[in-house]
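Worksheet: the structure to be examined is printed underneath.
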Amino acid sequence: MKKRILIIGASGQIGTDLTIQLRAKFGNHKVIATDIRDDDGTLGKDGPFEVLDAMDYKAIEDVVIRYEITDVYLLAAMLSATAEKFPMRAWNLNMNSLFNVLNLAKEKKIKKVFWPSSIAVFGPTTPSTNTPQKTVMEPSTVYGISKQAGERWCEYYFNKYGVDVRSIRYPGLISYKTLPGGGTTDYAVDIYHKALKHGKYICFLSEKTTLPMMYIDDAIRATLSIMEAPKESIKVRSSYNLAGISFSPEEIAESVKKQVLNFEISYAPDFRQEIADSWPQSIDDSDAQKDWGWKNNTTLEGMTLIMLENLKEYI
Ligand code: SER
């Protein structure tokens, strides 16, 4: 079967790294990168790039037909912190984009869908350490509500219409190629930029706020491997828990201090503190390990070295 991949929201934090790795694996011209914003020169130089609105069903359908797309990765979304400021816009974007892609699959115009969920599906009443795959889920953020509803719809489309949709509950993701936009875990990227630029950082979360996080290479590897797994081995059709590394601002600051001598951190928690407090501290991902062989590789210390080394070039 000839595989042709469409990435919606390709210029974002996950999309940039994912596009590069999918192109390396399947060939540049087989991976169509699209985003609401025009290409800034990163993705368009090596393969097809188109401006595409995830809310526009007809426009997505047109790209799908034109390029004979088989697999869609839907990465367009409004993240947790921004969604609190624009609740209805977040809901409309996060849900309508998902329905557009699920309906294309239901109509057999595409074969396979990847859609990311998040640790934000959990809420203040969820057990916060080693959070199980199946547990209390009462998300208290707009973003979390949209992801939880999205998970229910993914499972529904699989059960009722046989749509092969696969999903991961990503933790906070850390990468150097692209900045995250509007998330609660963004501090863990920003801290490296500020450490190199100014030698100090003011963190918008408090020092002991432990959250589940992951280095981007591990997240992309997880994405490729869940998408490659045989259909029968995907037993969870809502979304899989995925654990990487859990740390607090204080702990990441300690790891930065080992590399950037005299680095200083101070704390000024804002509205994002409440969002972070509603999320788990660590995740039990034994189902992902069992069903499709997931294992995290990168440690906090290892990630700090990679981030600082690579960011030096950009700063
Ligand atoms: N990193 C995301 C956020 O902070 C969580 O999925 O919104």
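Quick note: residue numbers are just sequence positions, from 1. Remember, it's 1-based here, ligands and their atoms both numbered in the order they're listed.
Atom NZ of Lys177 is surrounded by more than 12 heavy atoms from other residues, nucleotides or ligands within 6.0 Å.
With Asp164 as reference, Arg237 is the one residue of Lys108, Arg237, Lys111 to meet the salt bridge (Lys or Arg N to Asp or Glu O under 4.0 Å) rule.
Linking Ile, Leu, Val, Met, Phe, Trp and Tyr residues whenever their side-chain heavy atoms come within less than 4.5 Å leaves Leu305 and Ile191 in two separate clusters.
By the side-chain hydrogen bond (donor to acceptor under 3.5 Å, both in side chains) test, Gln148 pairs with no residue at all, sequence neighbours left out.
Near Gly183, meaning under 4.0 Å from one of its heavy atoms, ligand 1 places the atoms 3 (C), 4 (O), 7 (O). The ligand atoms of ligand 1 that sit less than 4.0 angstrom from a heavy atom of Leu79 are 7 (O). Residue-ligand proximity, Tyr143 to ligand 1, at heavy-atom distances under 4.0 Å covers atoms 5 (C), 6 (O), 7 (O).
Given atom 4 (O) of ligand 1, the protein heavy atom at minimum distance is Thr184 N, 2.6 Å. Among protein heavy atoms, the minimum distance from atom 1 (N) of ligand 1 is reached at Thr185 OG1, 2.8 Å. Protein heavy atom closest to atom 5 (C) of ligand 1, with residue, atom name and distance, is Ser118 OG, 3.4 Å.
Under 4.0 angstrom from ligand 1, the non-hydrogen atoms of Ser80 come from both its backbone and its side chain. Residue Trp279 touches ligand 1 through its side chain alone, judged by heavy-atom distances below 4.0 Å.
Checked by distance only, ligand 1 and Asp186 stay at 3.5 Å or farther apart across all their nitrogen or oxygen atoms.
Side-chain N or O atoms of Asp285 include none that pairs as donor or acceptor with a backbone N or O of Ala288 at under 3.5 Å. In this structure, Thr223 contributes its side chain and Ala219 its backbone to a donor-acceptor pair below 3.5 Å.
Stacking of Lys106 on the aromatic ring of Tyr161 is recorded, both the 6.0 Å distance cut-off and the 45° axial limit being met.
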